[in-house]
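Below is one structure; the comments refer to it alone.
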Amino acid sequence: VDYNSYGVQEGAPTAFPVVVSTEAGAFGCESLAQAFTDSSSLGKVTFTLQQNITDQVKQTLRNRNFDLTLDLNGHTLTFTDGAYFDVTTGNLTVTGSGTLSGSTVAPIWVKGGSKATDENYTNVTVTGDVKVTGPNAVKLYATSFGRSSGANVTLKGNAVCETTGAGILVDSSITASDGTLSTVTLSENAKIVSDGVAIQGDGYATCSISGGTIQSQGAPITATNTAFAISGGTFSQKPDNAWFADGFIPVDKGDGTFGVAAGSFAAEINGEKYLTLQEAIAAVPANGAEATTITLLDDVTSAGSLTFTNGQKAILNMNGKTVTFTSGKLQLLTSASLTLTGEGSLVCQTRSTGAISIYGNETSQIDLLVDSGVTVDGHYGIVLFGDDGAPACRNVTVTVKGTVKTSEGGTALYVNGTVNDLEGPVPQITLAEGATVEAVSVGIYAAGYAKWDLAGTINAAYAISIKSGDFN
């Protein structure tokens, strides 16, 4: 190789701070800036550090055909005075072993294209045994159009980002939410160690975490506008449920960290996912002005009772799923409103227990609607009690538009005999037109007092057994 043809001194390349390797050969450069100047038109090149370097000049990659591999080669490259790698087009891979450091700003800045259709516009990969340090490790930012299309940042191998602020910062300047969004990927054994937030998603981008470790003093992630999909990795703090990819859930590893396992969330409320239906019910506010919709995301099996109470108002969208009680039941007590809607089933496997048990009293207001498409199935389907055995079960309404059935010898609709208050706002039970009661033995057992409005179908050996009540 004719070193003079590149405007550098002759001599062994390793005698220089930076060795530039190309398909044609290798040459040495006195500085990082000179290496960029002398190789920017050469396509695929490798810069190999031969010593520690401190650089005060911003180095810009602005050639889409420029494919640069920076091999730190066990050395440290430190940017000072606000300098950094500015990757606006092309490819940068930082590898080998050593440290890339930014003293006042992130040492790597990445910007995508200004068109919504730009793809693979900019690609930055940190891999090997590289450590990146600074206020941030990598910053994604926007063009003057508020867009950063097709920029891809990947941390993999044994790379470590060790920062005082966010390890990865998706800047708020990225305001365009359409087109080809920039991506951030954390995989293999890569690690982010942050005194603050590990990945700060202020701007529009997507982030995939399939492996690695996030160790943060603050939240592992903030997702103002960045969409996250976690399918692997280890976290010092539990990530928000909303950040997990479909088919994956957080798990407590028992050592103060959280991992990821294959699985499904039970339910969601306004996009917020919950591991259990019990957690979702607990998130419904007491005495809420409007009903909160809980949507099932998977079949649910409960070994204990689930309770709506304290003025909770909820719509449980069965969403084609089944809730099965291996023991326990669904309870409504001390004022509650519940609508079961969507296709699905609520099944209680415990004998002598109502799949839905309602406990009214002198002051409660309890409303239950079983909508069309919903099936309630148990030894007893729906049962009304006086709270703590009291005779009053006031201000209780039950409306069935779907199906209530018993698969054994119990009763589909049952008012317990303790409910014997004949005055005031007694229970109102409606079997709407199109609704169905199915029972092997007794369809409706009116042991206690209620007012009944029956327009549906009762398929049972004994349709109605009456001790008390007012029937229409």
Side-chain angles (χ1 to χ4, degrees), residues 136-140 153-155 161 163-172 174-175 177 181-187 190-285 288 292-298 300 312 314 316-317 319 321:
N136 313 113
V138 180
K139 176 180 176 179
L140 278 80
V153 174
T154 301
L155 304 181
C161 295
T163 59
T164 55
I168 305 294
L169 172 62
V170 182
D171 192 67
S172 60
I174 306 176
T175 57
S177 59
L181 298 181
S182 294
T183 67
V184 176
T185 302
L186 180 70
S187 64
K191 187 175 185 179
I192 298 177
V193 181
S194 172
D195 291 343
V197 175
I199 303 177
Q200 185 171 328
D202 293 341
Y204 285 93
T206 63
C207 180
S208 172
I209 302 174
S210 61
T213 300
I214 288 183
Q215 182 178 326
S216 58
Q217 296 298 318
I221 292 168
T222 58
T224 306
N225 289 308
T226 299
F228 286 82
I230 299 174
S231 60
T234 299
F235 303 82
S236 59
Q237 299 185 52
K238 179 182 173 295
D240 191 277
N241 291 342
W243 301 331
F244 285 82
D246 290 343
F248 295 92
I249 59 174
V251 293
D252 189 336
K253 300 178 73 172
D255 58 359
T257 66
F258 295 86
V260 182
S264 299
F265 289 95
E268 70 175 358
I269 299 175
N270 294 326
E272 179 71 20
K273 298 177 181 178
Y274 296 88
L275 281 171
T276 66
L277 181 54
Q278 184 175 8
E279 290 177 355
I281 293 172
V284 176
T292 298
T293 297
I294 302 171
T295 301
L296 293 182
L297 301 177
D298 199 2
V300 172
Q312 289 179 307
L316 180 57
N317 182 354
N319 194 29
K321 311 301 181 185

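This chain uses plain numbering: 1 for the first residue, then up along the sequence.
- For Asp240, the side-chain contact (heavy atoms from CB on, under 4.5 Å) test picks out Ala242, Trp243, Glu272, with sequence neighbours left out.
- Around the CD atom of Gln278, the shell of radius 6.0 Å holds no more than 12 heavy atoms that belong to other residues, nucleotides or ligands.
- Residue Thr163 comes nearest to Asn136 through the heavy atom pair CG2-C, 3.6 Å, listed as atom of the first residue, atom of the second, then distance.
- By the salt bridge (Lys or Arg N to Asp or Glu O under 4.0 Å) test, Lys321 pairs with no residue at all, sequence neighbours left out.
- The distance from atom CD1 of Ile294 to atom CD of Glu268, rounded to the nearest 0.5 Å, is 11.0 Å.
- Side chains of Leu275 and Pro250 form a contact here, defined as non-hydrogen atoms less than 4.5 Å apart.
- Under the side-chain contact (heavy atoms from CB on, under 4.5 Å) criterion, Ala282 pairs with no residue, sequence neighbours left out.
- Atom CD of Gln200 is separated from atom CG of Asp171 by 8.5 Å, given to the nearest 0.5 angstrom.
- The structure places NZ of Lys273 at 14.0 Å from CD of Glu279, a figure rounded to the nearest 0.5 Å.
- For Thr164 against Asp195, the heavy-atom pair with the smallest separation is O-CB, 3.4 Å.
- Side chain of Ser194 to main chain of Gly165: a donor-acceptor pair is present (N/O by atom type, distance under 3.5 Å, no hydrogens or angles).
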Chi angles and distances behind the side-chain contact (heavy atoms from CB on, under 4.5 Å) call for Ile281, Tyr274 | CA-CA 10 Å; Ile281 293 172; Tyr274 296 88; over 6 Å; no

Could you walk me through whether Ile249 and Phe244 pass the side-chain contact (heavy atoms from CB on, under 4.5 Å) test, one step at a time?
-> CA-CA 6 Å; Ile249 59 174; Phe244 285 82; 5.7 Å; no

Quick one: side chains of residues 252-259, donor-acceptor pairs under 3.5 Å with protein atoms, not counting sequence neighbours, listed by atom name and distance.
from, atom 1, to, atom 2, distance (Å)
Asp252, OD1, Gly254, N, 2.9
Lys253, NZ, Thr234, OG1, 3.3
Asp255, OD1, Thr257, N, 3.1
Asp255, OD1, Thr257, OG1, 2.5

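- By the side-chain contact (heavy atoms from CB on, under 4.5 Å) test, Ala205 pairs with Val170, Ser182, Thr226, sequence neighbours left out.
- In this structure, Gln312 and Val284 approach most closely via the heavy-atom pair NE2-O, 2.9 Å.
- Residue Asn319 comes nearest to Asn317 through the heavy atom pair N-OD1, 3.0 Å, listed as atom of the first residue, atom of the second, then distance.
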For residues 208-225, please give each side-chain donor-acceptor pair under 3.5 Å, one per line with the distance, not counting sequence neighbours.
from, atom 1, to, atom 2, distance (Å)
Ser216, OG, Gly218, O, 2.9
Asn225, OD1, Tyr204, OH, 3.2
Asn225, ND2, Asp202, O, 2.8

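- Rounded to the nearest 0.5 angstrom, Leu277 CG and Asp298 CG are separated by 11.5 Å.
- Summarising the geometry of Cys207 relative to Ile199, their closest heavy-atom pair is SG-CD1, 3.9 Å, with the distance given to 0.1 Å.
- When every heavy atom of Val260 is checked against every heavy atom of Phe235, the shortest pair comes out as CG2-CE1, 4.0 Å.
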